There are 2 protein chains.
Amino acid sequence: MNSKQLEIFKALSNKTRLEILQWLKDPEASFPAQVHAGFEVGVCVGEIQRKAGLTQSTVSEYLSILQRAGLVESTRVGQWTYYKRNEVAFEELSKIIQSDI
Amino acid sequence: MNSKQLEIFKALSNKTRLEILQWLKDPEASFPAQVHAGFEVGVCVGEIQRKAGLTQSTVSEYLSILQRAGLVESTRVGQWTYYKRNEVAFEELSKIIQSDI
DNA sequence: TAGGGATATCGGAAAAAGTCGATATATATT
DNA sequence: AATATATATCGACTTTTTCCGATATCCCTA
């Protein structure tokens with residue numbers, strides 16, 4: 001049994017994490033403009049945290065769950081960590097559901 | 001809003017439930033021949049339970065979780081309940097991942 | 001209509017996930 | 001070097017999920 005798939009579905013089994021993924025689909029529409037970097041690199045943890053309305057530690061943890069599942073990737077720029085979607089992972093997941101699951 | 005999606009991902013967040021879905025993809029290959037009905041109607045709870053190696057109550061519960069998520073459907077025939085995959089749900093899920101998530 | 005087999009439901013113990021506040025670490029600025 | 005800011009990690013507590021045994025329900029046949 002494929003434990004990677006299981007990890008992906010667990011990562012998707014949370015309302016806030018699903019919301020974060022949707023926000024990251026269109027950062028311009030979902031977040032205020034970023035001063036220190038464009039949205040190409042992603043959105044910084046602080047902005048995601050403000051929008052989610054949960055504590056910093058919880059959102060940081062959620063982002064690393066999404067990252068371990070391969071659904072997002074992060075880039076450190078200075079003191080900020082920017083997270084963005086890994087679209088390839090979603091395409092693969094879509095195919096997995098059509099063939100594997 | 002996306003609570004149906006959440007329910008689906010929760011249903012998929014369990015090793016045994018994922019296995020059951022895969023067994024149901026090819027019942028002929030996964031289960032012994034059924035005496036009281038062909039595999040078109042699905043596979044009865046008892047066979048799934050034996051293969052899963054968990055208790056009857058747990059497997060019954062798992063099947064109803066999958067059913068509430070819309071991933072399987074059941075047919076009662078006499079004293080048996082047969083479960084089969086709802087392939088439409090998987091096609092829809094695949095599309096949801098391409099567009100919604 | 002009684003008994004037996006298949007499935008569903010209930011109640012609970014243990015494990016996992018959710019969530020927080022406190023603290024550690026990394027980086028930037030002065 | 002000291003301080004400030006952003007993020008990550010830790011420890012604890014609460015909620016949810018997992019999985020079981022016991023029991024109820026449904027349906028068949030004698």
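All values below come from the heavy atoms of this structure, side chains included, with hydrogens, waters and symmetry mates left out. In what follows, chains are A, B, ... by sequence order, proteins preceding strands, each numbered from 1. Here the structure is a predicted model, which means the values were calculated and not measured.
- Along DNA chain D, read 5' to 3', the first and last nucleotides having any atom under 4.0 Å from a heavy atom of chain B are D/dT17 to D/dC28.
- By the 4.0 Å N-to-carboxylate-O rule, A/E7 lies close enough to A/K4 to be salt-bridged with it.
- For the atom pair B/L18 CG and B/W23 CH2, the distance stands at 11.0 Å (nearest 0.5 Å).
- For B/E47, the side-chain hydrogen bond (donor to acceptor under 3.5 Å, both in side chains) partners at least two apart in sequence or on another chain are B/R50.
- Residues satisfying the salt bridge (Lys or Arg N to Asp or Glu O under 4.0 Å) criterion with A/K25, sequence neighbours excluded, are absent altogether.
- With sequence neighbours excluded, no residue forms a side-chain hydrogen bond (donor to acceptor under 3.5 Å, both in side chains) with A/Q34.
- Here OG1 of A/T81 is found 4.0 Å from CZ of A/R76. Values are rounded to the nearest 0.5 Å.
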Reading nucleotides 5-17 of chain C from 5' to 3' and marking B where a protein heavy atom lies under 4.0 Å of the base, S where only the sugar-phosphate is that close, and - otherwise, the string is BSBBB-------S
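- The side-chain hydrogen bond (donor to acceptor under 3.5 Å, both in side chains) search around A/S13 returns B/S13, not counting sequence neighbours.
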